[in-house]
Amino acid sequence: MNNLPRVNANGHIGPVDAAQVPRYAGAATFARLPRLDQVEQADVAVVGVPFDSGVSYRPGARFGGNHVREASRLLRPYNPALDASPFENLQVADAGDMAVNPFNINEAIETVQQNALDLTEHGTKLLTLGGDHTIALPLLRAAAERAGSPVAMLHFDAHLDTWDTYFGAEYTHGTPFRRAVEEGILDTEAISHVGTRGPLYGKKDLEDDRRFGFGILTSSDVFRQGVDEVVAKLRDRIGGRPLYISVDIDVLDPAHAPGTGTPEAGGMTSRELLEILRGLRGLNLVGADVVEVAPAYDHADITAVAASHVAYDLITLMGLSA
Ligand code: MN
Ligand code: MN
């Protein structure tokens, strides 16, 4: 077929030309970019992790990656909000999906960690599409190993994800950041949750979280303080440290992201989330994920459209990193 990749001015292979092949035609890679095996070397690889065996409520995020890829067909190559052409500045490619064991969480975590290390061996940065939030732990392990130090983290989520165990299980989608602190892979001077809200099991959840070093800007803080103040606080805390950004799509209000497993009322709008991300321009972004998109609960691709735009802005930020 005529799905010719487009080589741009920097010699990078960009998206399939939408003036030659309609956006809705052909197999979906992220933003209709080339596959990883079609390029010599990628600056950024988009990779899917079809895994949701760590969820505590509604399953289905294993189908999230391909749902986001389908919605990403409409992304265009120039990002006016950041005045950047991410696919020209960088060679971005779609690395497909990791083959993870759905019946063994420990093995799945090892697979994600090893695949992430393999993909980043020559300096490639990863933008990972989940999958449930369990996968952030092995992704952070790989990011810290590649950075050579613990990493700063911004965690956008309705939930803290620093609980200890569920039914005795240590590795779940509600526990990755507690494990990450215990493992010493996070720089606890520079870790923050953004957008948290909703009922907790008890006040101790917050006390534990604070003890681990997390700062919190709740969904309510974002609404009351506004984007600029939130961005200033986050930038101040992160400084020049290597930064990992983890976006649980349930950080958005269910009106903006119905397709997710543990929705909570009172969330951020997609505009607020994108504005905050764009405020992080120039930080040293070393890796990112967008997780918990569950298409079975999505309507009219609302969640996938939001997630694809979040991923696009994250990739753009990687091209503008310090
Ligand atoms: Mn969540
Ligand atoms: Mn989460």
Side-chain angles (χ1 to χ4, degrees), residues 49-62 64-65 68 105 108-109 112 127-140 143 153-166 169-181 186 191-201 205-206 208-209 212 214-222 244-270 272-273 276-277 287-298 302-304 306-307 310-311 314:
V49 183
F51 175 84
D52 65 6
S53 307
V55 301
S56 56
Y57 200 56
R58 303 196 296 205
R62 65 180 59 182
V68 176
I105 292 184
I109 287 173
V112 173
L127 183 291
T128 307
L129 302 172
D132 77 50
H133 226 154
T134 309
I135 66 171
L137 177 66
L139 293 169
L140 280 166
M153 180 180 71
L154 285 183
H155 169 222
F156 294 86
D157 200 322
H159 311 97
L160 300 166
D161 291 0
T162 52
W163 283 291
D164 191 5
T165 59
Y166 285 105
E170 289 180 282
Y171 299 97
T172 76
H173 81 150
T175 57
F177 304 118
R178 189 178 189 122
R179 297 289 93 80
V181 169
L186 290 178
I191 49 177
S192 296
H193 308 293
V194 186
T196 50
R197 62 192 187 274
L200 300 171
Y201 295 102
D205 295 350
L206 288 170
D208 283 354
D209 191 78
F212 301 142
F214 284 94
I216 296 184
L217 287 163
T218 64
S219 177
S220 180
D221 292 333
V222 173
Y244 188 93
I245 296 181
S246 186
V247 180
D248 182 329
I249 206 65
D250 73 25
V251 73
L252 298 179
D253 190 86
H256 293 255
T260 195
T262 43
E264 308 278 353
M268 289 159 57
T269 65
S270 52
E272 285 171 325
L273 175 57
I276 293 172
L277 291 176
D289 62 58
V290 183
V291 300
E292 300 283 357
V293 174
Y297 319 103
D298 205 4
I302 296 170
T303 315
V310 167
L314 288 167

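Start at 1 and go down the list; that is how both ligands and their atoms are numbered.
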Counting backbone and side chain alike, does [X] bring an N/O/S atom below 2.8 Å of the Mn ion (ligand 1)?
{"X": "E292", "result": "no"}
{"X": "H133", "result": "no"}
{"X": "D250", "result": "yes"}

Checklist entry - What is the name of the N/O/S atom in D157 that sits closest to the Mn ion (ligand 1)? => result OD1

Item to check | Atom name, H159 (N, O or S, nearest to the Mn ion (ligand 1)) | outcome: ND1

Check: [X]/[Y] side-chain N/O donor and acceptor closer than 3.5 Å:
{"X": "D250", "Y": "H159", "answer": "yes"}
{"X": "H133", "Y": "S246", "answer": "yes"}
{"X": "S192", "Y": "H155", "answer": "no"}

Checklist entry - Is the closest basic N to carboxylate O distance between D208 and R178 below 4.0 Å? => result yes

Checklist entry - Is it true that R197 and D157 make a salt bridge, defined as a side-chain N closer than 4.0 Å to a carboxylate O? => result no

Item to check | Whether D132 has an N, O or S atom under 2.8 Å from the Mn ion (ligand 2) | outcome: no

Next on the checklist: Under 2.8 Å from the Mn ion (ligand 2), is there any N, O or S atom belonging to H173?
Outcome noted: no

Checklist entry - What angle, to the nearest 10°, do the atoms OD2 (D248) and OD2 (D161) form about the Mn ion (ligand 2)? => result 170°

Checklist entry - Relative to Y297, does R58 satisfy both conditions: NZ or CZ under 6.0 angstrom from the six-membered ring centre, and within 45 degrees of the ring's axis? => result yes

